[in-house]
Amino acid sequence: MPGMQPTSTAQAHAIGSRIYGVRLLYRPQVQRVVARLCLLVCGLDFLFQVASGYIGLPQKNLTYDFEQFRRAALDVGAGRNPYQYFLDLHCSAWCLGGYIYTPLVAFVMSPLNGLSDHAAAGVWIAIGQLMVLATIVILYFGLRRDLSPTALALLLAAGLVFQPLFDNFNFVQIGAVLLAVMAGAAVLYLRGKPTTSLGAGALVALAAVIKVTPVTAIPALLPVGWLSPGNRARGGSAREVAAALAGLVVLSGVLVGAMLLLIPYTDQFFTQVLPRIGGGVGAFQNKSFAGLVNESLFLFGAPQPPAAALALVTLLLFIAPPVVLAARASSAVVGERAIRAAYFGALVAAMPIVSTITWRHHMLVSYLAVVLLAVALWPRRGFPASRNARWLLVLAYLLMYIDQPLLDALALGGGITNPTTFDIVRALVIEYANLWGMVALWLASLLVLLAAARPQGGSLAPDRA
């Protein structure tokens, strides 16, 4: 990888080194101590939040969302239709209440049917916490050669206090399971071998059967740089792609086939539930791009667009750019693992954006994109692929962190009786701060891919000062 002129870095270092206290942060040993202190504080906060959750669990209202999972698991266990409650609501799009995940999730939860509601919720929360631990182990052993111990400690600290994680525990949701599966897929994908690609494809298939939106990660199974004129296709590229697609097709076929054969009413998920939730919902709490469009048009009194057209435009807008840039990327400009990490991260970052329904707990998967992007932006060796993307990543995390009550207070205050156009725009900008954070994360990944897609040599080396 070509070197970068260190002019701006040297100037910043010279300025910082003159300021007492700041100059200490340039010392690696001080950075390690600070990172470990942050991890200790964030770890203690995580344990406090977990303990508080268990203490308050007996009094917890499980109506949203665990009751839907619970009812579906009981229905699957008894051979009833797990989607009947949702279908009886007669919604033309998504509406509050009812189970809308695949039958696989309800089937996996069915062993808890003999427990009381709160006992079952406690067991499921514990499973979620084990999945968080599994994610930490997977990412540590998968990325420790890419990231320094200091970077790993800071990323872990940021993950332990990431608010969508606690939203998952609050609503007794499945996001931690999905995060662990996608983390495994990402780590296997980064290795770039036929055997690991087989596993990556299979795990993407498993994630897509748990929740449909991981299908956005399927383009990552193609080799990077296949459109780059300076790249020669590696001999193993065809085998790698074939293995990834085989893992994807075989496991998805087995799981979907098993559901259709063994779990009654599975067909209704595909024929009735998916078409309805594909319409999304316009509400400030829905942080997807479709939610922003629907809510904006509603507030301005404009007609709603066809759901299929909006979904297609959204997919093209957020999936096509990383696919094109990754196809043109050259590992001679940016290292291949950095390209792969940014590419997979861009597609993961797009998942909650392109989904028609994205509540805050769905944003947990965005943390995986943060970690993957750090591989390219804070590499253990060499230079960052893009320094501008570093700032975008920090901004993205902060915007995704903000909780809904604070956004409501900042945007609406005591309420707006007769809103002007300015009031509506201001409310939309503030209320969708979480979405802007997800978009900033996606853009940061694109900056890395853009640097990798530049022609080699001259002034086009990545992030040259």
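Predicted model only: the values in this text are computed from it and were never measured.
- Between the side chain of R328 and the backbone N or O of A452 there is no donor-acceptor pair closer than 3.5 Å.
- A donor-acceptor pair under 3.5 Å links the side-chain atoms of S110 to the main chain of F107, judged by distance alone.
- A centroid separation of less than 6.0 Å is found between the aromatic rings of F318 and W442.
- Put simply, the side chain of T102 gets close to the backbone of V209: a donor and an acceptor are under 3.5 Å apart.
- The residue from D45, L39, L155 that alone fulfils the side-chain contact (heavy atoms from CB on, under 4.5 Å) condition with L160 is L39.
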> Could you go step by step and tell me if K193 and T195 meet the side-chain hydrogen bond (donor to acceptor under 3.5 Å, both in side chains) rule?
Replying inline: CA-CA 6 Å; K193 299 176 181 178; T195 51; over 6 Å; no
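- Under a 3.5 Å cut-off, the side chain of W436 and the backbone N or O of V429 do form a donor-acceptor pair.
- A distance-only check finds a donor-acceptor pair linking the side chain of H118 to the backbone of K60 [under 3.5 Å].
- E295 has no carboxylate O lying under 4.0 Å from a charged side-chain N of K287, or vice versa, which leaves the two without a salt bridge.
- Of all non-hydrogen atoms in Y432 and G291, the two that sit nearest each other are OH-O, 3.1 Å.
- The shortest heavy-atom contact between A176 and V132 is CB-CG2, 4.1 Å.
- Side chain of T358 to backbone of P352: a donor-acceptor contact under 3.5 angstrom is found.
- Not a single donor-acceptor pair under 3.5 Å links the side chain of R36 to the backbone N or O of A153.
- Note that the CG atom of L179 and the CG atom of L364 stand 4.5 Å from one another [nearest 0.5 Å].
- Separation of the F162 and Y397 ring centroids falls under the 6.0 Å cut-off.
- Minimum interatomic distance between I138 and A180 (heavy atoms only, all atoms of both residues): CD1-O, 3.9 Å.
- One side chain, Q163 or Y401, offers a donor N or O that lies under 3.5 Å from an acceptor on the other.
- For F298, the CZ atom counts as loosely surrounded, since its 6.0 Å shell holds 12 or fewer non-hydrogen atoms of other residues, nucleotides or ligands.
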> Checking ring-ring contact (aromatic ring centres under 6.0 Å, His included) for the pair Y83/Y99: CA distance, chi angles, key distance, verdict?
Replying inline: CA-CA 6 Å; Y83 301 109; Y99 178 74; 5.7 Å; yes
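- Under the 3.5 Å distance criterion, the side-chain polar atoms of R360 are left unmatched by any main-chain donor or acceptor of Q285.
- Residues I353 and T314 share a closest heavy-atom pair of O-CG2, 4.2 Å.
- Looking at Q173 and Y101, their side chains do bring a donor and an acceptor atom within 3.5 Å of each other.
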>> side chain to side chain contact (heavy atoms under 4.5 Å, CB included), that's the test. Do L447 and L443 meet it? Break it down for me.
In response: CA-CA 6 Å; L447 285 179; L443 287 173; 5.7 Å; no
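- Contact annotation: the side chain of H362 approaches that of W359 to within less than 4.5 Å [non-hydrogen atoms, C-beta and beyond].
- Residues N294 and P305 approach most closely at OD1-CD, 3.9 Å, considering heavy atoms.
- When only modelled atom types and interatomic distance are considered, D75 and Q84 share no side-chain donor-acceptor pair under 3.5 Å.
- The salt bridge (Lys or Arg N to Asp or Glu O under 4.0 Å) test applied to R71 returns E67, not counting sequence neighbours.
- The residues D146 and R380 are annotated as not salt-bridged, no charged nitrogen and carboxylate oxygen being separated by less than 4.0 angstrom.
- Here the side chain of Y343 pairs a donor or acceptor atom with the backbone of P219 at under 3.5 angstrom.
- Listed for the R337 side chain is no donor-acceptor partner under 3.5 Å among the backbone atoms of G192.
- To the nearest 0.5 Å, the span separating OG1 on T356 from CZ on F289 amounts to 13.5 Å.
- Across L377 and S386, no two heavy atoms sit closer than the pair CD2-O, 3.2 Å.
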